[in-house]
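Below, chains carry the letters A, B, ... as their sequence lines are ordered, and counting in each starts from 1.
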Protein chains: 2
Amino acid sequence: MTKEEKDTEELIFDAACRVFQRKGYDGARMQEIADEADINKSMLHYYYRSKDKLFQKVYQREMSRFFPVIFGVLDSDMPIDEKVEQLIETYYTFLDKNPKIVQFLFHEMNKNPERLKEFIDKQGIHPPKKLMRQLNEEAQEGKMDKVKPKQFLTSIVGLILFPFYSQAMIRGIFDLNEDEFAEYLKERKDFLLNFILNGINYKRQ
Amino acid sequence: MTKEEKDTEELIFDAACRVFQRKGYDGARMQEIADEADINKSMLHYYYRSKDKLFQKVYQREMSRFFPVIFGVLDSDMPIDEKVEQLIETYYTFLDKNPKIVQFLFHEMNKNPERLKEFIDKQGIHPPKKLMRQLNEEAQEGKMDKVKPKQFLTSIVGLILFPFYSQAMIRGIFDLNEDEFAEYLKERKDFLLNFILNGINYKRQ
DNA sequence: TCATAATTCAACCATTTGGTTGACTACAGG
DNA sequence: CCTGTAGTCAACCAAATGGTTGAATTATGA
């Protein structure tokens, strides 16, 4: 086996990631995953026991890819404006390659909050305290308005994620083809940075 | 039959709305809808022929409830700041009563963009031209920054909708119980108005 | 080389699920 | 009072779907 070829287990997993992201847990079919991996359906059960177990792994892996993207940047040592800029950049790079992940994860998180809670606890995910302290400090220094950290944080993330979550609607209403939507996404990066920093009256150095 | 009682057809439809919103098309079961309506499963087919036909009607009705909420306000005659304020108010009132509708509709829209397109065409839904013209005018007059209307519009809507489709995540990460989340939603209304108007440097009269 | 373990697959199996049938009931109109 | 129509339901049905099995094949390593 050369390094290029993936072994069966990995082949299945990759196919499962794609199919679950396209269809969600309920819409996904074991046969479809098998077909996508070009492999016999029994293999799925040989390596992963059940649809549920397989899904669990996919869910876990996608969550593990998604969450650090936020927190890695937010709890670093940077002034707010750079954080926001970096967050936008990091997110868009990631989401460009994984446009379906937002729709997928939010659907599954809402469908099963207990599983989400379990993941959060196991991974030791916490609100970004550093950012929250920083928001208060920089407001005290007069560099920006005083804002509620939860509101600010959910606003940034919401602004970034919304186009991916609502892609069908945006494209439908504005009648955008694939290229035009990509153009919209591209120009959004600049727009967002300005909009967000203005939103809290941030005075850039 | 008194006016209080609903007839079977309506009973089924209401139950279907609830179940489809909770579970989505794929996750919903005809039997579950029947149980929710406290009625024999055959009745569903008697009145609506098939799961697909029933779903179509539910989808249509929820879309028809959701879309006018945006466009009614946006294409009215008001200065931008009032529009934004009104939009936030209208949305939150509506979503308070229909918290599941966002998750439901966006999932189904993304799963089937063709059906969405069909709905948009049939209902004659267009981008809010009046707002777009107004944004240019008020920027010209120096009342606000010049912004790309598509970016602005998707930002407002994204900011408003995010808490509803990411409810599980927000509650999970910040460890909020139902009341605390309601409190977060309540304080968000004021935050958003400020944040959005600042975001485009809007000078209020 | 040969026994053992890991892997692959076609054929099955049991349950779930959307959908149908035909008998039964309630009732409106003649 | 009879008849036809709309509505209701328990029992069924066929297809889909997650999952199992056992035989065959392919590594593995002693």
Looking at Thr8(B), does any N or O in its side chain come under 4.0 Å of the phosphate oxygens OP1/OP2 on dT8(D)?
yes
Is the Lys NZ or Arg CZ of Lys150(B) less than 6.0 Å from the centre of Tyr184(A)'s six-membered ring, within 45° of the axis?
no
Take the protein atom CE of Met43(B) and the nucleotide atom C1' of dC9(D), then report the distance between them rounded to whole Å.
7 Å
Give me the ring orientation class for Tyr165(B) and Phe106(A): parallel if the planes are under 30° apart, tilted from 30 to 60°, perpendicular past 60°.
perpendicular
Across nucleotides 15-27 of chain C, 5' to 3', mark each nucleotide with B, S or - according to how protein heavy atoms within less than 4.0 Å reach it.
--SBBBB------
Round to a whole Å and report the spacing from CG of Leu11(A) to P of dT7(C).
14 Å
Identify whether NZ of Lys or CZ of Arg in Lys57(A) sits under 6.0 Å from the centre of the six-membered ring of Tyr48(A) and within 45° of that ring's axis.
no
What do the steps show when you test Lys117(A) against Glu114(A) for salt bridge (Lys or Arg N to Asp or Glu O under 4.0 Å), and what is the final call?
CA-CA 5 Å; Lys117(A) 199 68 194 155; Glu114(A) 299 75 39; over 6 Å; no
Atom CZ of Phe55(A) and atom C1' of dG18(D): how far apart are they, to the nearest Å?
16 Å
Rounded interatomic separation in angstrom, taking CD1 from Ile12(B) and C1' from dT8(D):
11 Å
Basic-acidic side-chain contact under 4.0 Å: Glu118(B), Arg115(B):
no
Tyr48(A) OH to dT7(C) C1', straight-line distance once rounded to whole Å
15 Å
Between Glu9(A) (CD) and dT7(C) (C1'), how many Å, whole number?
12 Å
Is it true that Glu36(B) and Arg22(B) have a side-chain N and a carboxylate O under 4.0 angstrom from each other?
yes
May I ask you to say whether Glu108(A) pairs ionically with Lys111(A), meaning some side-chain N is under 4.0 Å from a carboxylate O?
yes
Determine the minimum heavy-atom distance between Val58(A) and Phe104(A), stating which atoms define it.
CG1-CZ, 4.4 Å
Electrostatic pair Asp35(A):Lys41(A) at N-O distance under 4.0 angstrom:
no
Could you tell me the separation between the CD1 atom of Ile39(A) and the P atom of dA10(C), rounded to a whole number of Å?
12 Å
To the nearest 10 degrees, how far apart in direction are the end axes of the helix from dT1(C)-dA30(D) to dG30(C)-dC1(D), each fit to five base pairs?
0°
Starting at atom OH of Tyr46(A), determine the distance to atom C1' of dT26(D), rounded to an integer number of angstrom.
11 Å
